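Counting convention: from 1, in listed order, for ligands and their atoms alike. Atoms considered below: every heavy atom in the structure, side chains included; atoms not considered: hydrogens, waters and symmetry mates. All values reported here derive from a predicted model rather than from experimental measurement. Count residues from 1 along the sequence.
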Amino acid sequence: MPTYRAPRGTRDLLPTETPLWTRLERLAADIAARYGYRRIETPVFEQTDIFERGIGEVTDVVEKELFRLAPRTEESESWALRPEPTAGIVRAYVQHGMRTWPQPVKLVQTGPMFRYDRPQAGRYRQFWQFDVEAIGDPGPAVDAEIIELGTHFYREAGLAGVEVLLNSIGDPACRPAYVAELAAYFEPHRAELPAIERGRLDRNVLRLLDSNDPAMAVINAKAPRITDRLCSACEEHFAAVRAHLDAVGVPYRLAPGLVRGLDYYTRTAFEFYVTGREGQQQALAGGGRYDGLVELLGGRPTPGIGFGIGLDRLVLALIETGVAAPAEAAPAAVVVGANPDDTIARLQVVTRLRAAGISSRAELGRRKLGKQLEAAARDGAHFAVILGDELTGGGVALRDLSAGTQKVVALTDLAREIERAHAAHRHGGGAA
Ligand code: AMP
């Protein structure tokens with residue numbers, strides 16, 4: 001037999017790990033609701049063209065990292081797994097005529113993304129993002145709102161020392177001249193550039209600025225800065241975003257080299273890092289404004305802004321900083337039986353308890369009562385419901401496993417009794 005394993009760059013999230021994930025997903029949903037962002041779900045694959053057009057063909061994400069699906073027939077559309085959520089969400093915005101909805105349309109999505117990248121710590125081929133988008137508002141206030149949402153999310157997630165790096169990368173009015181100037185600046189350095197950066201010089205010169213190659217640091221330090229070359233509209237927008245962030249007390253650090261890997265960004269660009277980790281290309285989250293994207297994907301000119309919070313890296317950071325994972329929930333009750341063979345009675349009773357909303361499990365195997373009780377205690381259950389001789393009279397023994405007390409309760413009162421005692425127990429700060 002071959003030994004099967006999860007594909008390289010992917011992993012299984014085991015029940016020992018998922019309580020933390022569940023907590024973060026609930027927090028994401030809760031924050032989204034508080035901020036008035038509504039959930040959308042788009043497919044995990046789309047027409048390849050959406051990514052090629054939307055993200056840009058000369059980007060790592062499209063050139064090297066796109067998971068392209070093999071066409072099934074000659075007529076098949078060409079599909080790819082989504083490497084990021086924005087292009088798909090904007091496709092949905094156009095397809096469903098969301099421009100007729102009240103603007104901006106504020107959307108969130110949490111789900112897996114796929115990039116055929118070289119796997120390493122914090123970089124996977126399947127990873128999860130909590131993604132936030134506001135489409136139909138040119139900002140600047142919504143830019144600050146969305147960045148503030150990010151800082152708020154990390155705060156409530158329990159991760160300290162998170163820093164916002166902020167930049168403006170201009171728009172089609174001012175960026176082309178800057179890009180030309182940048183290319184002219186790098187040209188005399190061509191021979192000194194690392195091979196990969198030399199290739200980018202001819203195709204996407206902006207990318208040289210966010211290179212993490214130490215050899216680039218000196219050259220980049222003297223490169224012209226986009227923020228010194230913004231047109232007045234972009235300059236004004238950028239100043240206003242900063243003023244709004246200041247007004248709501250969100251600290252940020254200006255990062256003139258932050259250009260983001262995807263083509264569609266305009267003006268505001270930002271990333272979240274654990275302070276001190278910026279050099280390692282280990283952004284916790286990243287995003288920006290994409291005022292040209294809706295039009296690029298077939299809609300009318302519509303501004304938009306959004307960002308993706310990487311959940312995998314957040315989980316790693318939380319574990320690293322020792323933030324305790326939430327305990328796995330213990331059942332309120334475990335139903336056990338003196339007659340190991342009577343699985344029908346145990347299943348009936350647990351079914352009634354669950355119907356009454358009580359988290360419970362029954363021993364459905366045939367081990368002896370002593371073993372069943374041991375397992376119930378190991379589960380951390382508050383109560384054991386013991387089915388024994390009392391059953392003929394319509395009663396069961398209810399044992400409080402933490403208090404060590406026991407009494408007979410009528411089956412008809414069982415759910416009410418457990419609920420009452422369990423609620424009191426929880427309020428008293430008990431373990432269950
Ligand atoms: P990006 O669109 O590349 O800025 O990605 C946004 C966020 O998603 C990043 O800041 C990371 O937290 C996360 N992310 C991106 N690529 C990966 C990956 N290969 N593995 C894990 N997380 C990733």
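- Geometrically, ligand 1 and Y124 share a nitrogen or oxygen pair separated by less than 3.5 Å.
- Counting all heavy atoms, side chain and backbone alike, P256 lies closest to R225 at CG-NH1, 3.3 Å.
- For ligand 1, one of its N or O atoms has an N or O atom of R115 under 3.5 Å away.
- For R68, the side chain to side chain donor-acceptor pair (under 3.5 Å) partners two or more places apart in sequence, or in a different chain, are E52.
- Inclusion of R123 in the set of residues having an N or O under 3.5 Å from an N or O of ligand 1 is not warranted.
- With hydrogens and angles disregarded, a donor-acceptor distance shorter than 3.5 Å links the side chain of N220 to the backbone of L208.
- For the pair R399 and F383, the NZ or CZ position fails the cation-pi test of under 6.0 Å to the six-membered ring centre and within 45 degrees of the ring normal.
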Take Y265 and Y290 through the test ring-ring contact (aromatic ring centres under 6.0 Å, His included) and record every step on the way to the result.
-> CA-CA 4 Å; Y265 288 110; Y290 46 81; 7.0 Å; no
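- Between F67 and F114, the angle of the ring planes goes over 60°, which puts this pair in the perpendicular group of the 30/60° scheme.
- Heavy-atom proximity to atom 21 (C) of ligand 1, evaluated over G122, G288, G287, is greatest for G122.
- Close approach to G310 involves these atoms of ligand 1, each under 4.0 Å from a residue heavy atom: 8 (O), 12 (O), 13 (C).
- The shortest N or O to N or O distance between L284 and ligand 1 is below 3.5 Å.
- Near G308, the atoms of ligand 1 lying under 4.0 angstrom from a non-hydrogen atom of the residue are 6 (C), 7 (C).
- With a 4.0 Å heavy-atom cut-off, ligand 1 is reached by no atom of V61.
- Ligand 1 has an N or O atom lying under 3.5 Å from an N or O atom of A283, backbone or side chain.
- Close approach of ligand 1 to Q129 is summarised as follows: ligand atoms under 4.0 Å from at least one heavy atom of the residue are 5 (O), 6 (C), 7 (C), 8 (O).
- The shortest N or O to N or O distance between A285 and ligand 1 is below 3.5 Å.
- Within the set Y116, Y273, W128, F127, the minimum heavy-atom distance to atom 23 (C) of ligand 1 is found for F127.
- Within the 4.5 Å cutoff, the side chain of F127 has no heavy atoms near those of the L311 side chain.
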So Q95 and R91, side chain to side chain donor-acceptor pair (under 3.5 Å) or not? Walk me through it.
-> CA-CA 6 Å; Q95 179 179 340; R91 189 268 310 139; 2.8 Å; yes
